[in-house]
Amino acid sequence: MPLRLGHLLTAAAVALVCAGPAMAEKIRIGSPYPTTTLDPIRSANAGSIETFGQLYSRLLRVDETRALAPALAEKWEVAPDGTVVTLTLRDAKFSNGDAITADDVVFSLLRVRDTPDSAYPAPMQMLDKAEAVDAKTVKLTLKSAFAPFLGNLEVFNIGIVSKKDVEARGEKAFVENVVTSGPYMVEKWVPNDRLLIAPNPNYWREGYPKNEGAELIEVADSNTRVSMMLSGELDAAREIPWSQVAEVQANESIEMPLEPSTVIYIVLMNHTRPPFDTLEGRQAAAMALDTVAMSNAVTFGAATPANSTLPNALKFYDPELKVNGFDPAAAKTALDASGYDGREITILITDEPEREKQAVLMQALWGQIGIKSKIEKTDAGTFWTRLTEGDYDATPTWWYNETTDPDLAVRWAVCGTCGNKAYYTNYANPEVDKLVEAGAAELDETKRAQIYADIQRITTTEVADIPLYYPPFANAYSKKLTGLRMTPALQWTLEGAEITQ
Amino acid sequence: MNSISFIGRRLLQIVPVLIGISLVSFFLIMMIPGDPVRMVLGPRATEEAVTAMRQEWGLDRPIWAQYLSYIGNTLTGDLGQSLKFRIPVLDLVLQYLPRTLFLVAYVLVIALPATILMAVIAARNEGRWPDQLIRVISILGMTIPVFWLGVLFARYFGVKLGWFPVSGYGDGFVEHLHHLFLPAVSTSLWLAPLLTRNLRAALIEQTEADYVAASRAKGLPEGYIFRRHILRNSVLPTLNLLGVMIAFLIGGSVVVEIVYAVPGLGALMVGSVLGRDYFVIQGLTLVYAIATVAITLAIDIFTAAIDPRTSE
C-alpha cells in the first residue's frame, strides 16, 4: 500500500510538472491596461484604445512610414477650399459577411459626434454633414477648412461599425457576436481578465492578419508581467518597469526596442491657486525642476528630457525651444517676485511607484528654492475626480496624442476654450486659443509649422504645464515574434506580426 | 434539538444580515469620492458626456432613491449591470466563482493535511526540537508577505526551473491544478501555520485534561485516547477558525490573484472598487455575505455533529 501511494504521488507530481501550456498559436500580449468595452465610442482609456484598433478598421490608416494610407477608403479627394472631403470605399465586408457601405460609414462617424455619452467626440467636432452619395461614396462636409481632418479619420474611435447590427441590437451588439470591420473578431471576452481575438476572414487587407490571432491579457502587476515574459508565457508585454529593463534586455530571447511614443510626462499646476496663479510662480516651479536628473532617476536614462509642452513625436514639434530650463538661482528670484507666502502646497498623485518617485523628486527640488509641499496619494478614481474638478495644487502625470498631428494635442493640453481647461490647469491665453483654431484652419504646411512653433513657445514660456520628459514605450517582445510593434499612437501593428519559431 | 429548525433559524438570521450589509456597503461606496462615469469614459470625456451617462444610469438621482431601486431589483433577482463592462453583474460573478472556489478547495487540500500533521507532531513533542522547528516555520509562513513570496516563487519555479506556469488558469482539470499550484501553495503557506498554531494549542490543552488522565488510568492505549478523545475535542476551535478563513479566502485572495495574474472574485472586487463600479461591488458583497453565512452554517452543523452540546 505505501508503495502504491508513493507511485500515485509520483505520477501526480510528474503530471503536474509536465502539463505544459496548450499549443501557443495565438500571440499573447500582457498589458496593465484593461479592455473595458468593445464599443469604440465608449472609452478613451489606454487598454480599450489598443483593442479598438484590432477590431475596427478606419477609413484611413497610418503606414510604416507614418504617412496616411488608404484603408477602408481606397481613395479620397479634398475640395480646394478644404471644406469637403469625398471618400471612395473599397469592396470590403464585415466579419459577418455583410458589405461595408457608405451608410455604415456615415452612421459610425455621426455616432462618435452625436452620442451624448460618446467618450471622445473631439476628432469629429468639425464635421458638419456626412452623406452617403451612393453605396461606395461618402461626402463629408466640414464646418470650415480643417487641416487635421484626414488624420482624425484614423483615430481609434472612428472605427467603422455595422449600422444594421448596432441599430438592431443596441449595446448588446458590442457584447456578444460582435460584428467587426478590422483584422480580427472577438473569439472570447472575459472582462477583467483577457480578450481572445481571431482573424476576421472577411478582412479587406489581402493576406492579413498574418497570424492566428491574439490573447490580450490584463496583467496588473508589473513584476508578474516580467515573470511571464521571462518564462515565455507572454510574447509581448507593455510597461516593463524602468528598473527591470536591463534585466529583461539581458535575456537573449527577448528584445526591448524602446519605440518612440507620443507620451509626455508633465507637471500640472492649478493656475487658480498660489503660487501657480502668477507667471513668476510657475516659472520658478519650472526652473527649479532638474528635468534631466528627474528623467534619469525615474527612467534610468531611457527617456528624453522634455523642452516643450507638446510630445516630441508630433509633427511640428520644436526641438530648438529652450525656455525655463533648470536654474535654481533664477527660480529663487522668480519665486520671490511672485509674492509666494510660504504656504504648503499639495502634490496630488495616484498610488503608483513611478508617480511617487516623481513627486518625491519634485518635493525635494521645489524645497531647494523654498516651495513647501506635501504629497497626497489617492486611488485613480479619487484622483481623476479631484483633477477634473480643479481640486489640486500640482500633480505629475502624463498624456499622449492619438495622431501625430498636433491639433488634438494642443486642444487637450494648452487650449483654454476647448472644453477641458487646458488639461484642468485653468491655463487660458486668448492668443493661444486663437492660434489653436488658426493652426487647424491653415492648409499650408509651412505656415502651420510656424503657428505650432508659436504655440509651443508661448505656452512653454508661460508654463501652461511643466514638461518633464518623453519616454519611449517600455515594451518587451519575444524574439520569436516578428512584425509586432506599437505605433506612437498606441496601436499594435498586430495584423502583420508572425511567430517564426 | 431538531436539526431542521436549527437550520431554519440560521437561514432566517441571514435576512437582517443581508439588509445591513447592503445598506452599509451601498452608502459607503457612494460616499467615497470618485466618479465611476469619469473612470469609464476616460479623462478626455467632456463634461456633457459625463452628465449624459450619469443620467442614463440614474446616478444623478438622490442616493436613497438609488438604494430603493437597487433593493427592488435585487429582490426580483436582478443584480444590475456593470457600469464598466455593461454586462450583467451576475454573469461577471458567475464567470469568476468557479475558479475562486477551485482555488479555495485546492488550498484546503494542501493546507489541511499539512496542518493536522504539523499540529500533531508539535503537540506530541511539546517543547522539543520538532515543536520548535514547526514554530519557526509557522512564524515565517505567517510573516512573509504573500506578494513577495509570489514573485520569488514565480521567478524560481516558473522562470528558472520552468516547472509551473506563473500565471493564468488553464483549460481543464489537470491544467487548473498545474496553473493554480503556486497560488495555492503561496496561500497555504500562511493559512496552514495559522491553523497549526490554533490546533496545537487545543491539542496540548486537551492532553492535560482530567478525562484524558482518567482514560490513561483506565489503561487505554495512548493512540486510542489521542484519536478518539483528544483530537476530536481539539478540532472544534480550529474548525471555527477554518470557517472564517474559508469565507475570507473567497473574497480575500486578491494578492495571490494579482501576483499570479489569475483574476477571481477578489481581483474583480478590487477592480470594481477602484473603478467605482457600484453595482458589481453590491453584487459581490451580497455573494460574500451569502457565502459567509453558508459556510458558518455548514461549520455549525459539522460542529453539532461532533459535539451535540453546541446545538442546544
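Predicted model, so just to flag it, every value in this text is computed and none were measured. Just so we're on the same page: letters track the sequence lines, and every chain starts at 1.
Remark: R42(A) fails to qualify as a cation-pi partner of F52(A) under the 6.0 Å distance and 45° angle criteria applied to the six-membered ring.
Just one residue in the list N177(A), V175(A), V178(A) forms a side-chain contact (heavy atoms from CB on, under 4.5 Å) with R169(A), and that residue is N177(A).
Annotation: maximal heavy-atom pairing with chain A below 4.5 Å, among A261(B), G275(B), G150(B), occurs at A261(B). Most heavy-atom pairs under 4.5 Å with chain B: of the set L234(A), L387(A), L38(A), V226(A), this distinction falls to V226(A). Among the candidates T388(A), N420(A), T378(A), the residue making the largest number of heavy-atom pairs closer than 4.5 Å to chain B is T388(A). The greatest number of non-hydrogen atom pairs below 4.5 Å with chain B, out of T37(A), D193(A), D221(A), is found for D193(A). Contacts with chain A were tallied for L274(B), V37(B), V273(B); L274(B) has the most, counting heavy-atom pairs under 4.5 Å. Your options are M53(B), Q95(B), R86(B), and the one with the most heavy-atom pairs under 4.5 Å with chain A is R86(B). Ranked by non-hydrogen atom pairs under 4.5 Å with chain A, the options S82(B), A52(B), S167(B), G42(B) are led by S167(B). For the set I87(B), L161(B), T46(B), D91(B), the count of heavy-atom pairs under 4.5 angstrom toward chain A peaks at I87(B). The candidate from G30(A), P191(A), G419(A), G381(A) with the greatest count of non-hydrogen atom pairs under 4.5 Å with chain B is P191(A).
Contact annotation for F174(A): neither backbone nor side-chain heavy atoms come within less than 4.5 Å of a heavy atom of chain B. For E47(B), no part lies under 4.5 angstrom from a heavy atom of chain A. Neither the backbone nor the side chain of R225(A) comes within contact range of chain B, judged by heavy atoms closer than 4.5 Å. Within the 4.5 angstrom heavy-atom criterion, no atom of Q55(B) approaches chain A. When heavy atoms are compared at a cutoff of 4.5 Å, R38(B) approaches chain A solely by way of its side chain, counted from C-beta outward. Both the backbone and the side chain of L268(B) come within less than 4.5 Å of a heavy atom in chain A. Within the 4.5 angstrom heavy-atom criterion, only side-chain atoms of E402(A), from C-beta onward, approach chain B. Neither the backbone nor the side chain of F147(B) has a heavy atom closer than 4.5 Å to any heavy atom of chain A.
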Show your working on side chain to side chain donor-acceptor pair (under 3.5 Å) between D379(A) and T382(A) and close with a plain yes or no.
CA-CA 6 Å; D379(A) 73 327; T382(A) 310; 2.7 Å; yes

Worked check of side chain to side chain donor-acceptor pair (under 3.5 Å) between S253(A) and N251(A)
CA-CA 6 Å; S253(A) 60; N251(A) 187 305; 2.8 Å; yes

With side chain to side chain donor-acceptor pair (under 3.5 Å) as the test, would you mind laying out the steps for Y33(A) and E239(A) before giving the verdict?
CA-CA 10 Å; Y33(A) 301 112; E239(A) 296 203 355; 2.5 Å; yes

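Ring-plane geometry between Y423(A) and W384(A) is classed as parallel, the angle between the planes falling under 30 degrees on a 0 to 90 degree scale with a further cut at 60.
In this structure, the side chains of R276(B) and K84(B) stay at 4.5 Å or more apart for every pair of heavy atoms. The shortest distance between side-chain heavy atoms of S118(A) and R111(A) does not fall below 4.5 Å.
Salt bridge E215(A)/R194(A): present, at least one basic N to carboxylate O contact under 4.0 Å.
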Which side-chain N or O atoms in residues 26-34 of chain B pair as donor and acceptor under 3.5 Å with protein atoms at least two apart or in another chain?
none

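Close placement of the F173(B) and F102(B) rings is indicated, their centers lying within 6.0 Å of each other.
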